Amino acid sequence: MADKADYKATMNLPVTDFPMRANLSVREPDQLEFWERIGVYQRSLEVNAGGELFILHDGPPYANGHIHMGTAFNKVFKDLIVKYKTMRGYLAPYVPGWDCHGQPIEHQVEKNLGPEKMKTTTQAELRALCRDYAMKFVGVQADEFKRLGVRGDFEDPYLTLNHAYEAGNVRIFKAMFDRGMIYKGAKPIHWCVRCKTALAEAEIEYSDETSDSIYVKFEFTSRHELFSHLSEAVSIVIWTTTPWTLPANVAVTLAGAADYVGVRVGGEVLVMAEALVTAVAAAAGWSDYEVLPQRVKGAELAGLHYRQPIHAGVEGVIITGDHVELTTGSGAVHTAPGHGEDDYLVGRAFGLPMPMPVDDEGRFDVGGGPFAGLQVWEANPVIVEWLREQGSLVAAAKISHSYPHCWRCKRPVIFRATEQWFVSMDHAAPGVRPLREGAMDAIGRVEWIPGWAINRMSAMVGDRPDWCISRQRAWGVPIPVFSCVKCGETIANDTTFDAVIELFEREGADAWFIKAPAEYLPEGVACPRCGGTDLRAEDDILDVWFESGVSHTSVLDARPELRRPAELYLEGSDQHRGWFQSGLLTSVGAYDEAPFKAVLTHGFIVDGDGRKMSKSLGNVISPIDVVAKSGADIIRLWACSADYGQDISVSDEILDRTSEAYRRIRNTFRFLLSNLHDYTPADAVAWDDMLELDRYAMVTLADLVEKVSKAYDEWRFHMVYRSIYDYCVTDLSSFYLDVLKDRLYADAATGRERRSAQTVLAAMLSAMVRLVAPVLTFTSEEIWRFMPESMRDGAESVQLAGWPVVAVDEAEATRLRDAYAVVLAVKDEVTRALEFARAEGLIGKSQEAKVLVSAPASAVSILRDRGARALSDMLMVSEVELVEGQPVSPAPASVEVLVADGVKCPRCWNLRSDIGGDPAYPDLCSRCATVVTG
RNA sequence: GGGCCCGUAGCUCAGCUGGUUAGAGCGCACGGCUGAUAACCGUGAGGUCGAUGGUUCGAGUCCAUCCGGGCCCA
């Protein structure tokens, strides 16, 4: 007679080397090395060589600094989609890209150089340094993305500084220029008069500055009827802190809906907002004034004219605008469209002229009238004095307020209109549909995910002003046009464009800054106006958004493995204003169609309280740290588990929860692997020979595959996560696998019962490892390599293994689902009853119990049909007695728990009444005796 | 200030076109098991559905306002 220890040796206990502890941060690099070795990206294209194309076009992150949680999330999302599509048989090339040009890099390089070195650095040298800087971070970020498990053509990514990419900008510029959508205009920008350069918003530092604060009256030359009876002079009163902008005044803007009144003071009438009369009176020190009873809306005064305050014989006009505030000043805003953002916008809306009497050095030209030759800062006190002499100064004081300064020289900057290039939203060549119209139309044809995104995009494109595409910088792609040195005429035609395209393709945009136009333009290119042949290349460069926007041409069209339009663009919600729009506008502008068939947007990454991450709040979580601590698969699982339609929270707690869920999934795989150690597909049991519970389990697996596939197809990735996770926990761990243990461990190793179970476990392993592969890219590969060769379907990597198919007969599936719904409902009641019995000390483990189940006849019949042994196995008790009866609603059954009669079998630990049937093994139950006998 | 969007248990999510006492898993508390063991099983306690009004026989679900948060503008 064998003792206890020997019986254990006769059991088929789980065996595996697959580690329970993931130790991802250490183990993940092994998979990276493996993918590198087999060239998994190329292989993913080869296996689907004839498949339908699926192009997810990567939006290029800026090549500056390390990745953050937002970039990590975005890239992981793209990767899981590409991997899913690959496994579904699509040919899904993925070419990562980087945005390499632009002000932030140039700014950083200039800061690194310092002002002294900067002075002796040529533009070409600066560009070379910027290139080095960008390339360094392309390398850094590429490594970080790869570490996250992202698969793609990192050998040959697209970079906006590549020659062919740069040439694509010219192709699009040419197409849009030829279609009459590009024009030269003027727009005010921040300008440093000392450095003689334009400044980007990021190059502005705000600090307090003392300025003049003056109220000035402009006398009406036409009167509103309300004031027509007055004999005195009537003037509008404006307030400004920049006296030097008065020579460029062309209008006064009022709030259309506000009330304006006349104030009689010192023998004249001054008009201002009623709400600000007191404030103006205080500033002017009026002791004796009279507010006239007539009130008039700002809108009613619109169209009146007044004497321009500086230039004799010139008139300005009253208009209305939304930007007029009634909290400071007089409610009448001096408007010089060349010297302010609001002024510019309102001026354009009203078709006002834009005089610009200030030159590069901040000096008035003849347009400055009496102040010609003065520099604007010198002019301020002179103008104030002059106004006083003219009698138009109502009040003057000094104020201290926040004012923009140049980051280089720390001097105050001015707003100054300069020549810029624009893309017109509403004008195009004859016969060409205007851009806005084409873009709105294209938006309607694109699939937007989530659905509300179309509203946002439509609103933005519907409202947006013309696109200013020129920048006064060095690090970028030049605006590809020329001007005539002799007469200043713009020269841009297909001949010059084509020559520039060829130049950029051959030598890159750097050549533009080194070579003279004559060196690359064909002979005979001459000014269409004066015939001059001395041409000058444009100084300005293109807005980087234009550059990244043209990736549809520079990348999708240019690379043989890709094509335009892409199936999908996928970025954060800020890209409605950014890349989605610049891609759309440049594509519609050139081709009259969108560059994408679908656009998926996700929210921003915020902390556990829903707040944005910032250094000052101290709530920043770095993906690099998470990878080092927990592993990339944890980030991937987290990304998949969130509902990306809204903002996505991340915190230590959330990541801890994610790690726990990960462990649960991992352990489920470990259980499957460990119980398949002695199984090969040749041992599979045919459907008709399988136990019923196992067939039911196959139904649940088929349901899971369908649910998960649908979730992927509908872009509902958190449903992928939830379905798989719930399946592991609910269907498998707490029911099927728990029930299966007795059969797996104690039944004959190669008997039908055990093989039937293993057939299901193998199907589960094979299907589930594929379902999770797009998300848990490292872990799934690790599992794949632990699977016996015979189960890997000839695929070296799970990424190349295709998508699972679990076929079940639908009629039988329905019968099983219905029957097991009853079984599971009863099992719930039984476990609850067992818990009470346990609390009373009646039983310990559930096998010590015998249960009396009382249920309606229909349920009893269903339970009975499963078979007595199957039923007690599923309920995990020693014996079940069924009684017809009415349970207390809403419970499906009432359950009574008794102590089981049997004796514990020392091998399978069940309480059995058939112990000792075999004289050779008098302590064993008959099943175990049979198994041990062999 | 404007446009778009979000706010259901400690966490992540379900709650379809408004209709019984708002669900799941995790976490937590308590218990079981010790042949998935730095695992596994069970029971239980947790929610004024951001707030306030309104429409309705009836609202987490519709409307308004407010509060909090995010992106993009100004």
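Here the structure is a predicted model, which means the values were calculated and not measured. Lettering follows sequence order; numbering is per chain, from 1. Below, each value reflects all heavy atoms present in this structure, side chains not excepted, and no hydrogens, waters or symmetry copies.
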Using a heavy-atom cut-off of under 4.0 Å over every strand shown, decide if D609(A) touches base, sugar-phosphate, or nothing.
-> nothing
So what does A459(A) touch, heavy atoms closer than 4.0 Å: a base, only the sugar-phosphate, or nothing?
-> sugar-phosphate
Counting any heavy atom closer than 4.0 Å, what does T831(A) reach on the DNA or RNA strands: base, sugar-phosphate only, or nothing?
-> sugar-phosphate
After noting the C-alpha distance and the side-chain angles of K612(A) and D647(A), does the key distance pass the salt bridge (Lys or Arg N to Asp or Glu O under 4.0 Å) rule?
-> CA-CA 9 Å; K612(A) 73 166 94 177; D647(A) 290 328; over 6 Å; no
Step-by-step side-chain contact (heavy atoms from CB on, under 4.5 Å) determination, Y921(A) to C928(A) = CA-CA 9 Å; Y921(A) 298 98; C928(A) 285; over 6 Å; no
Is it the case that Q581(A) and R464(A) place a side-chain donor and acceptor less than 3.5 Å from each other?
-> yes
Can you check whether W909(A) stacks with the rG35(B) base, using ring centres under 5.5 Å and planes within 30°?
-> yes
The nucleotide from rC26(B), rC40(B), rC4(B) with an atom nearest the side chain of E660(A) is rC26(B)
Base partner of rG10(B), which must satisfy Watson-Crick or wobble distances under 3.5 Å = rC26(B)
E341(A) CD to rG1(B) C1': how many Å, rounded?
-> 16 Å
Candidates rG70(B), rC73(B), rG42(B) - which lies nearest the side chain of E835(A) = rG42(B)
R666(A) CZ to rC40(B) C1': how many Å, rounded?
-> 17 Å
Whole-Å distance between rC71(B) P and N74(A) CG?
-> 16 Å
Measure from the side chain of R663(A), starting at C-beta and using heavy atoms only, and say which of rA39(B), rG35(B), rC40(B) lies closest.
-> rA39(B)
Using the P atom in both, what is the distance from rC26(B) to rG19(B), to the nearest Å?
-> 28 Å
Reckon T601(A) has a side-chain N or O less than 4.0 Å from the OP1 or OP2 of rC71(B)?
-> no
Using the P atom as the reference point in each nucleotide, state the distance between rG23(B) and rG70(B) in Å, no decimals.
-> 33 Å
With a 4.0 Å cut-off, would you call D607(A) and R611(A) a salt bridge?
-> no
C1' atom, rC41(B) versus rA36(B): distance in rounded Å?
-> 12 Å
Provide the distance between the two C1' atoms, one in rG10(B) and one in rG53(B), to the nearest whole Å.
-> 31 Å
Nearest-Å distance, CZ (R838(A)) to C1' (rC41(B))?
-> 8 Å
Protein-proximity profile, nucleotides 8-15 of chain B, B/S/- by nucleotide at the 4.0 Å heavy-atom cutoff, equals --BSBSS-
To the nearest Å, how far apart are R832(A) CZ and rA45(B) P?
-> 10 Å
What integer distance in Å separates F735(A):CZ from rC41(B):P?
-> 13 Å
Evaluate the criterion salt bridge (Lys or Arg N to Asp or Glu O under 4.0 Å) for residue pair K845(A) and E848(A); output intermediate values, then yes/no.
-> CA-CA 6 Å; K845(A) 56 191 291 184; E848(A) 292 166 20; over 6 Å; no
Searching all strands shown, indicate the nucleotide that pairs with rU48(B) (Watson-Crick or G-U wobble; both distances under 3.5 Å).
-> none
Which is true for G844(A) with a 4.0 Å heavy-atom rule: it touches a base, it touches only sugar-phosphate, or it touches nothing?
-> sugar-phosphate
Could you check whether M20(A) gets within reach of a base, just the sugar-phosphate, or nothing at all, counting any heavy atom under 4.0 Å?
-> sugar-phosphate
Distance only, no hydrogens: is a donor on one side chain within 3.5 Å (strictly under) of an acceptor on the other, for Y644(A) and T601(A)?
-> no
After noting the C-alpha distance and the side-chain angles of D747(A) and R754(A), does the key distance pass the salt bridge (Lys or Arg N to Asp or Glu O under 4.0 Å) rule?
-> CA-CA 6 Å; D747(A) 273 353; R754(A) 184 159 179 274; over 6 Å; no
Figure out the CH2/P separation between W452(A) and rC6(B), and round it to whole Å.
-> 8 Å
Selection from rG35(B), rG25(B), rG70(B) that lies nearest to any side-chain heavy atom of K8(A) | rG35(B)
Using a 4.0 Å heavy-atom cut-off across all strands, classify N455(A) as base, sugar-phosphate, or nothing.
-> sugar-phosphate
Checking all strands, does F671(A) fall into the base, sugar-phosphate, or nothing category for heavy-atom contacts under 4.0 angstrom?
-> base
Do D742(A) and N910(A) meet the criterion of a side-chain donor-acceptor pair at a distance under 3.5 Å?
-> yes
With rounding to whole Å, what would you report as the distance between rU34(B) and rA39(B) at their C1' atoms?
-> 10 Å
Step by step, would you call E571(A) with K78(A) a salt bridge (Lys or Arg N to Asp or Glu O under 4.0 Å)?
-> CA-CA 9 Å; E571(A) 306 297 334; K78(A) 288 169 175 165; 2.8 Å; yes
Are K612(A) and rC71(B) close enough that a side-chain N or O sits under 4.0 Å from OP1 or OP2?
-> yes
Which part of the nucleic acid, if any, lies within contact of R664(A), taking any heavy atom under 4.0 Å across all strands shown: a base, the sugar-phosphate backbone alone, or nothing?
-> sugar-phosphate
Exactly one of I443(A), V599(A), V446(A) clears side chain to side chain contact (heavy atoms under 4.5 Å, CB included) with I454(A), and that residue is I443(A)
Do R577(A) and D574(A) meet the salt-bridge criterion of a basic N to acidic O distance under 4.0 Å?
-> no
In whole angstrom, what separates D731(A)'s CG from rG25(B)'s P?
-> 11 Å
With a 3.5 angstrom cut-off on both distances, give the Watson-Crick or G-U wobble partner of rC71(B), or none if there isn't one.
-> rG3(B)
How would you label the contact of R907(A) with the nucleic acid (heavy atoms, under 4.0 Å): base, sugar-phosphate, or nothing?
-> base
Watson-Crick or G-U counterpart of rA36(B), or none if no pair lies under 3.5 Å | none
Hey, which of these two, Q575(A) or S733(A), hits RNA chain B nearer its 5' end, going by closest nucleotide?
-> S733(A)
C1' atoms of rU61(B) and rA22(B), separation to the nearest Å = 11 Å
Residue met sooner reading RNA chain B from 5', once D742(A) and S846(A) are mapped to nucleotides = S846(A)
Can you tell me, in whole Å, how much space there is between the C1' of rU12(B) and that of rG47(B)?
-> 15 Å
For rG50(B), glycosidic torsion class - syn if within 90° of 0, otherwise anti | anti
Y745(A) side chain near rA36(B) phosphate (N/O to OP1/OP2, under 4.0 Å) = yes
Whole-Å C1' distance, rU20(B) and rG15(B) | 15 Å
